[in-house]
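Below, read A as the first sequence line, B as the second, and so on, with proteins coming before strands; counting in each chain starts at 1.
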Number of protein chains: 2
Amino acid sequence: MGKRVRLVDVARAAGVSQGTASNAFGKPHLVRDELREKILAVASDLGYRGPHVMARMLRTGKAGALGVVFPDNLEYAFSDPVAIELLRGIGRECARQAVNMMIISAENQEQAVSAVNNAAVDAFLVHCYSDNNEIIAAIRRRNLPMVGIDTDIVGATATVVLDDYEGAATAARHLLECGARKFAILSLQADEQGQFGLMDARRRGSVSHRVVRERLAGYHAALRDGAIAVADIVHIECENLSENVRAQVVALMAEFPDIDGILAMSDVIAIGALEGLADIGCAVPGQVRVVGIDGVARGARTTPPLTSVAQNSVEKGRIAAELALAGEDVAEPVLLKTRLLVRGSSTDTTVS
Amino acid sequence: MGKRVRLVDVARAAGVSQGTASNAFGKPHLVRDELREKILAVASDLGYRGPHVMARMLRTGKAGALGVVFPDNLEYAFSDPVAIELLRGIGRECARQAVNMMIISAENQEQAVSAVNNAAVDAFLVHCYSDNNEIIAAIRRRNLPMVGIDTDIVGATATVVLDDYEGAATAARHLLECGARKFAILSLQADEQGQFGLMDARRRGSVSHRVVRERLAGYHAALRDGAIAVADIVHIECENLSENVRAQVVALMAEFPDIDGILAMSDVIAIGALEGLADIGCAVPGQVRVVGIDGVARGARTTPPLTSVAQNSVEKGRIAAELALAGEDVAEPVLLKTRLLVRGSSTDTTVS
DNA sequence: ATATTATGTTGAACCGATTCAAAAAAATGT
DNA sequence: ACATTTTTTTGAATCGGTTCAACATAATAT
């Protein structure tokens, strides 16, 4: 049970100063070849395992890691297809910059705060929907670069968001062109708690999640331009889980059988809607037309294939990671463009 | 641009020793309430951000993080459904134990070695298929607990694997019962390089990936019991990507039109096979029966739904994380059981 | 041969906490 | 009032490196 061999032990054994021994490992070009090899040989003899990671971090102040936080829901990060794409993009940029990826994990708010406080990282990436959050406050206290994804966090170094307004408007315009006149909007949850079911005007007026607010505004603007009154739209707040939406849509169609256009704020929701419509034998796109947002891979395999306003989540994650690691303030949010992906759930004509 | 406020500054300003100031943060019960509140107040006034993470790590030697390494293929970790389930399980256990999850990321072998060397973690989890690897050597050098998933790593603290032999045998027995007599085995890649295409007996004899070796043995044993000669089985080595397998299967059926049973070593491969069979209008399960391994969610939605030998990858990840964080040597590999999930790709009778 | 520049090495300061034996203060028992 | 026990507080040692100004040596220029 000998003690760990330290750099100073190596230096002594090799008869050099500690500074030189350090350079032999960290800045090899500063040490004469012959001497460096001797030092390395001595180190190897002594069983030195190389510089102690934590000691190096303390001295240099660099952790070599990017913190990734999903405050809303942590298990969720590994089940939602969009979150996984985000992670893939983050991972890609981390690999490029030779930085590790620290996923902050916790079971509850309190634990998350201490997880944030104990994370040895150089910057934080936060994916969430709104700001009023203990965890965000803890991150802010760390005084490290912090980049928000899909949300405006007050005091963030940078923010990366989808052009949600325009994306939603595109979806709505598309359904109008396809001939839909009676719309249902299947919203993502509007705030931390979520009140699933019919969404009245008051609730729509106090949406705290940026994504939901913007998409709602985009839908409404486009529909108004198509001479649809907002009051005639049915709004439903959904959990982002296909299974739950499926049942909600069955109920929705029972109550409002004349609905012929469904605007879903995510593909997961849209897929749930397709399943629900299939359950009640409702023809898509014959009777009801459906369009989602995200453009997830699975949408290509549903029956009918899902029309969606696609985003590039991998790239979103990558850019966010890049900005976080750069650490420089970016005043304006980075706005990512969407792309309409027309498939069978909105119109028959484009059967490939 | 003042310097960072340190604990010693707080201690001085509050008129207490540094030790007491430290306790006020880390071991509150050791400090008189009144005094602790005063220290915290002074700290807050001075703008102290709380104990420096890296300094604490250096002193205590605890990183509060679990390293997760995917040496074979890093982008892959976020695209393979099984790997994601594994990550979910690891995340779950990390959350339970209030430990963060450090994903080691790198673009190449060399970078990965230094990523491993720079990771401030308390233990490593390695998911890969074989041992002869620079990265594994680097991890071993760190002298931290190391748990292998799906592979035997020499010198690992513990190993968690599927009961691959029995699982494969189950799959083969099932197809025999369904009446298949002429078999193709679609193998995962056999070693680091992978030689995709027909797999001759020599190559089958020198498989370095444990998973492949075991599953092959399991298939063969069961088929031999069913009076099928190994020489009559067609072996194909596949990349674990549905798209590639799809084309391989089209070619396979052209060359061996009498094949009526396909044993796929993963569901991703099996799904590719279903697609390829659909391309050439081959009836499943009428003409060819297919069974995969893994039991991924998507298998429930293919046409026909995929029969598979299911494993619980989430639990596999969770157990591995638990063992890594415990850090105690476990001599025998932990063997996880499989469960046959009969669906439409192997037999018509069980249409639900 | 001497001045100048480039290269290699040294040694002490520093990064910022936690820990623990010992001292001080407060509480309890007789 | 004194001895004993318990609770608080202290202060210095320690974790294990990296950095940088200063010094020494070697190489090149004049």
Reading 5' to 3' through nucleotides 21-27 of chain D, protein heavy-atom contacts under 4.0 Å coded B for base, S for sugar-phosphate only, - for none: -------
Nearest atoms (heavy-atom pairs only) where B:Asp122 meets B:Pro145: O-CD, 3.4 Å
Most 5' of B:Leu58 and B:His29 on DNA chain D, judged by nearest nucleotide: B:His29
Test: B:Glu322 and B:Arg318 ion pair at under 4.0 Å: yes
Audit row: B:Val147, B:Phe124, side chain to side chain contact (heavy atoms under 4.5 Å, CB included) steps and yes/no: CA-CA 6 Å; B:Val147 171; B:Phe124 281 102; over 6 Å; no
OP1 or OP2 of D:dG17 under 4.0 Å from side-chain N/O of A:Arg4: yes
Heavy-atom closest pair, residues B:Asp33 and B:Arg36: OD1-NH2, 2.7 Å
Residue-phosphate contact under 4.0 Å: B:Lys27 side-chain N/O, C:dT19 OP1/OP2: yes
Nearest heavy atoms of A:Leu335 and A:Leu162, plus distance in Å: CD1-O, 3.9 Å
For atom NE2 of A:His52 and atom P of D:dT18, their distance in whole Å: 12 Å
Touch class at under 4.0 angstrom, heavy-atom based, for B:Phe25 against every strand present: nothing
Atom-pair distance (CG on A:Leu7; P on D:dT19), nearest Å: 12 Å
Reading 5' to 3' through nucleotides 9-14 of chain D, protein heavy-atom contacts under 4.0 Å coded B for base, S for sugar-phosphate only, - for none: SBB-BB
B:Phe78-A:Phe78 aromatic ring centre distance below 6.0 Å: no
Aromatic plane relationship, A:Phe70 with A:His127 - under 30° parallel, 30 to 60° tilted, over 60° perpendicular: tilted
Salt-bridge present (A:Arg92, B:Glu75; N to O < 4.0 Å): yes
